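See structure below.
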Amino acid sequence: MSFNLPPARTLLRTFKAGCLFLFVVSIILPARAADTTGRIVCRPEFAAERRQVIADQLRKITGFDKLYFDEDGALRHGDTYSGGSSAARELISSAVSGQHLLIFEDASNRDDVVFCRIVGGRWVSDAATKPPVQIVLIDFTDFSRVMGDREALAAFNVGWGVLHELSHAVHDSLDAHRAGEVGECEELINRMRRECAVAERAEYFFTFYPGTERSEFKTRYVRLAFDEQRPETGKKRRLWLMWDAVLVGGLK
Ligand SMILES: [Zn+2]
């Protein structure tokens, strides 16, 4: 038997834009991040290999075949595409032409980040002359700890996580409040998954893996449901991802 975790225990935990100022963090941003014409920029210390992981996954989802991070760390997507999701292309295009500067930060192994999260940033100087900034925190280690059905893994990686946070930033969309719901934000991400013919996320909140609710276990495995449409029968097939929430976080 499984039970639903209360809303505070969220996956891809984030805060809607209206709440961002409750979580303002002071970050000294690189001068060139402020000067670049890009609106999605990696922090300078963001490793090249990890930028490449994000670019590869976003290229696959969006179909933007020339998408890359330039030498200043700014995301460029070009005009051409092949396959992929039109909704994902619209979201990326809106984000890179939007009012906000979105800074990607590698937050791997941070306890306060469960997969991904977006928080408000604050310029430490000359704020009046600079665009509003939000920080997309990405925990690569959390994603590396996820296991489960191959088809569900294809629908849940750093690329999908980044798009989820960009949807919060661009559309001010909300996450689910109740167990069993997907939520406004993931509804859009599921539309992208349908356009990419990958499994859809069936719920926003994870639940304890049956039998691991008891606190004497040192590991606390949780699971997250996905559904795969089977065109030949018109039926859905339930798929699962799981991970140890003691390591990934989100239990407090
Ligand atoms: Zn969210």
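For ligands, and for the atoms within them, numbers begin at 1 and follow the listed sequence. Given the structure is predicted, the values throughout are model-derived calculations rather than measurements. Start at 1 with the first residue, then count along the sequence.
Remark: Glu90 engages no residue in a side-chain hydrogen bond (donor to acceptor under 3.5 Å, both in side chains) (not counting sequence neighbours). A search for ring pair (Phe, Tyr, Trp, His ring centres under 6.0 Å) contacts involving Phe104 returns nothing, not counting sequence neighbours.
Metal site remark for the Zn ion (ligand 1): Cys185 contributes no N, O or S atom at a distance under 2.8 Å.
The main-chain N or O of Leu58 is found under 3.5 Å from a side-chain atom of Thr62 such that the two form a donor-acceptor pair.
Note on Ile189: it clusters hydrophobically with Val146, by side-chain heavy-atom contacts below 4.5 Å among ILVMFWY residues.
Closest N/O/S atom of His168 to the Zn ion (ligand 1): NE2. Residue-level check: among N/O/S atoms of Asp175, OD2 sits closest to the Zn ion (ligand 1).
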